[in-house]
Amino acid sequence: MKQLNKFTMTLLSRSSNESFSRVAVTAFIAQLDPTLEEINDIKTAVSEAVTNCIVHAYKNEIGKIYISVRILECNVVEIKIRDKGCGIADVEKAMTPLYSSEGGERAGLGFTVMQSFMDSLRVSSREGKGTTVTMKKRISVRLNGNA
Amino acid sequence: MSVKTEVNGDVMIAYLSGELDHHSAKQIREEIDAAIEANMPTLLVLDFKDITFMDSSGIGLVMGRYKVLSQNGAELSITNPSPQIYKVMQLAGLGRLAKIEKGGLKNETVK
């Protein structure tokens, strides 16, 4: 699918960057004139992925989070959130609803939210190397839109 | 992010405002738990009217407060979630733990 536009950014895994990351991604996507619901869905999914990097990938350190957003043909948005943290030993288990390796007050719903709010989700991970989350969503075309 | 609490007899209402994510959840949790301990309500109402964003960290916060309250035989209720917040709550099945009243629609609960 042909790429029409791209935005990349690198952030430190500080929790104070959670809000900025989701706002920055949705600000870039605003050029497609998404609905409020689509903006909120993407914001929530990005927040989950970035929080995973902070809470899990870089549990005991501050590392870099690499975010790229591509606008593809047919109003499709592709968001990649990558870290070079500890990796996930068992991706399938990590994606099980309500499972959290952290316990405590983590709901274990991060991947469930990403799956539900986006059209597709792909997770690739290598222990000790890091994790890449790739999500896609097609933004609806409005009759009077100018996307 | 801030919390204001109001106590009316056995009922405590916590008015939450701002964005509820992993970054802000810790402070909110501590403030609510301190107020629960001080007032020992039989019903805690979490008012989401002024919450502008929430992800699954907010679900963890609600589930955690439910546990704290159940240990004291108290109940939890949620009011005024925005459509985005309601969607996250619905996905998590929070309606099994607390009565959820959407803004202006009394008695509407999450299935």
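Chain letters run A, B, ... following the sequence lines, proteins first and then strands; every chain starts at 1.
No more than 12 heavy atoms of other residues, nucleotides or ligands shown are found within 6.0 angstrom of CD on Glu92(A).
Residues Met9(A) and Val133(A) share a hydrophobic cluster, clusters being chains of Ile/Leu/Val/Met/Phe/Trp/Tyr side chains in contact below 4.5 Å. A continuous path of ILVMFWY side-chain contacts below 4.5 Å connects Tyr58(A) to Ile54(A), so both sit in one hydrophobic cluster. Under the 4.5 Å side-chain contact rule for hydrophobic residues, Phe20(A) and Ile65(A) share a cluster. Phe7(A) and Ile79(A) fall within the same hydrophobic cluster, defined by Ile, Leu, Val, Met, Phe, Trp and Tyr side-chain heavy atoms under 4.5 Å apart, directly or through other members. Note on Val68(B): it does not cluster hydrophobically with Leu43(B), by side-chain heavy-atom contacts below 4.5 Å among ILVMFWY residues.
In this structure, no portion of Leu36(A) lies under 4.5 Å from any heavy atom of chain B. If you measure heavy-atom distances from Thr51(A) to chain B, the contacts under 4.5 Å come from the side chain alone. If you measure heavy-atom distances from Asp41(A) to chain B, the contacts under 4.5 Å come from the side chain alone. Residue contact with chain B, scored on non-hydrogen atoms closer than 4.5 Å, is absent for Val50(A).
Side-chain contact between Glu37(A) and Pro83(B) is absent, with no heavy-atom pair separated by less than 4.5 Å. In this structure, Phe53(B) and Ser47(A) have side chains that are in contact, with non-hydrogen atoms separated by less than 4.5 Å.
Residues of residues 58-66 of chain B lying under 4.5 angstrom from chain A, judged on non-hydrogen atoms, are Ile59(B), Gly60(B), Leu61(B), Met63(B), Gly64(B), Arg65(B) by number. Residues of residues 108-115 of chain A placed with any heavy atom under 4.5 Å of a heavy atom in chain B are listed by number as Leu109(A), Gly110(A), Thr112(A), Val113(A). Interface residues of residues 14-39 of chain B toward chain A, defined by a heavy-atom distance below 4.5 Å and sorted by number: Glu19(B), Asp21(B), His22(B), His23(B), Arg29(B).
Nearest approach of Met54(B) to Thr44(A), heavy atoms of both residues: O-CG2, 4.0 Å.
For Ile62(A), the side chain to side chain contact (heavy atoms under 4.5 Å, CB included) partners two or more places apart in sequence, or in a different chain, are Leu12(A), Ser13(A), Arg14(A).
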